[in-house]
Student: 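My questions will all concern the structure given below.
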Amino acid sequence: QVQLVESGGGLVQAGGSLRLSCGPSGSIFSILAMGWYRQAPGKQRELVASITRGGNTNYADAVKGRFTISRDNAKNTVYLQMNSLKPEDTGVYYCHADLRTVGSTRWNDYWGQGTQVTVSS
């Protein structure tokens, strides 16, 4: 059973930085797109940033210039460097991957369990 395992959330003051990491446990054949989503209390889950296997990136307007997504294909790991954090960045951050497991012919969406990011003012 493949799971996405996240780490790096926590409590930080406004203007601070955090780095999130996410990688799969289990046997992976290949991963296409990876990304980070977030969900604030009372709001819908929204895309923060995504990255293709080739390194093309996409960011939500609210985080452009402050957040950087990257990945290490050899480690099947995606990172989110978050700088100049604001209170409105507070929420649960979820890792997403479009991946294929060993022995499967299908690509499926996988989600992490979520990691809390809290930015105090």
Side-chain angles (χ1 to χ4, degrees):
Q1 183 78 9
V2 170
Q3 293 181 330
L4 293 180
V5 181
E6 301 146 336
S7 62
L11 173 64
V12 65
Q13 288 188 331
S17 298
L18 285 173
R19 188 187 194 218
L20 306 182
S21 301
C22 171
S25 62
S27 298
I28 304 298
F29 177 77
S30 185
I31 302 178
L32 297 178
M34 302 185 81
W36 291 94
Y37 290 70
R38 69 186 180 190
Q39 187 166 19
K43 295 188 177 181
Q44 290 187 330
R45 189 176 299 188
E46 62 178 1
L47 174 69
V48 175
S50 64
I51 184 167
T52 67
R53 184 169 181 81
N56 292 321
T57 59
N58 180 47
Y59 294 93
D61 288 342
V63 307
K64 285 180 181 177
R66 300 187 298 120
F67 291 10
T68 302
I69 189 170
S70 61
R71 64 188 284 175
D72 183 333
N73 289 332
K75 296 181 179 179
N76 290 322
T77 300
V78 63
Y79 307 95
L80 185 68
Q81 178 66 45
M82 304 185 292
N83 298 329
S84 302
L85 282 161
K86 304 176 181 180
E88 51 262 44
D89 293 318
T90 294
V92 179
Y93 283 67
Y94 296 92
C95 174
H96 167 266
D98 184 9
L99 65 84
R100 182 175 152 189
T101 58
V102 172
S104 173
T105 59
R106 298 181 60 182
W107 297 90
N108 290 298
D109 291 321
Y110 285 79
W111 293 89
Q113 78 285 357
T115 185
Q116 178 70 43
V117 171
T118 302
V119 184
S120 63
S121 57

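From a predicted model like this one, the values you see are computed outputs, not experimental measurements.
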Student: Testing L47, L80, V63 one by one against R38 for a side chain to side chain contact (heavy atoms under 4.5 Å, CB included), which residue passes?
Tutor: V63
Student: Once you round to the nearest 0.5 Å, how far does CG of L32 lie from CG of D109?
Tutor: 10.0 Å
Student: In Å and rounded to the nearest 0.5 Å, what is the CG to CD distance from L11 to Q116?
Tutor: 9.5 Å
Student: Just wondering, are more than 12 heavy atoms of other shown residues or ligands nearer than 6.0 Å to CD in Q39?
Tutor: yes
Student: Start with the C-alpha distance between Y110 and I28, add both sets of side-chain angles, then the distance that settles side chain to side chain contact (heavy atoms under 4.5 Å, CB included), and finish with yes or no.
Tutor: CA-CA 12 Å; Y110 285 79; I28 304 298; over 6 Å; no
Student: Is there a path of hydrophobic side-chain contacts, each under 4.5 Å between heavy atoms, that joins L20 and L85?
Tutor: yes
Student: Within the side chain of E6, is there an N or O that forms a donor-acceptor pair under 3.5 Å with the backbone of C22?
Tutor: no
Student: Do the side chains of Y37 and L18 join up, straight or via other hydrophobic residues, at under 4.5 Å, putting them in one cluster?
Tutor: no
Student: Cluster question for you: counting only ILVMFWY and a side-chain heavy-atom cut-off of under 4.5 Å, with indirect links fine, are V92 and V78 together?
Tutor: no
Student: Please check if the side chain of R66 supplies one atom and the backbone of S84 the other of a donor-acceptor pair under 3.5 Å.
Tutor: yes
Student: May I ask you to test the L99-F29 pair for a side-chain heavy-atom distance under 4.5 Å?
Tutor: no
Student: Closest approach of Y59 and T68, non-hydrogen atoms and distance?
Tutor: OH-CA, 3.4 Å
Student: Looking only at heavy atoms, which two atoms of P24 and N76 are closest? And how far apart?
Tutor: CD-O, 3.0 Å
Student: When you compare the side chain of W111 with that of R45, does any pair of heavy atoms fall below 4.5 Å?
Tutor: yes
Student: Got a salt bridge between D89 and K86, using NZ or NE/NH1/NH2 to carboxylate O under 4.0 Å?
Tutor: no
Student: In Å, rounded to the nearest 0.5 Å, how long is the span from CG of L4 to OG1 of T77?
Tutor: 10.0 Å
Student: Whether the side chain of Y79 engages the backbone of D72 through a donor-acceptor N/O pair (distance < 3.5 Å, no angle test) should be reported.
Tutor: no
Student: Specify the closest pair of heavy atoms between K64 and D61, including all atoms of both residues, with the distance to one decimal.
Tutor: NZ-OD1, 3.1 Å
Student: What distance separates R71 CZ from S21 OG, expressed to the nearest 0.5 Å?
Tutor: 14.0 Å
Student: Distance-only, no hydrogens or angles: does the T90 side chain make a donor-acceptor pair with backbone N or O of V119 under 3.5 Å?
Tutor: yes
Student: Linking I/L/V/M/F/W/Y whenever any side-chain heavy atoms sit under 4.5 Å apart, do I51 and V5 land together?
Tutor: no
Student: Can you confirm whether V12 sits close enough to M82 that some side-chain heavy atom of one is under 4.5 Å from a side-chain heavy atom of the other?
Tutor: no
Student: For M34, does its backbone N or O pair with a side-chain atom of R53 as donor and acceptor, under 3.5 Å?
Tutor: no
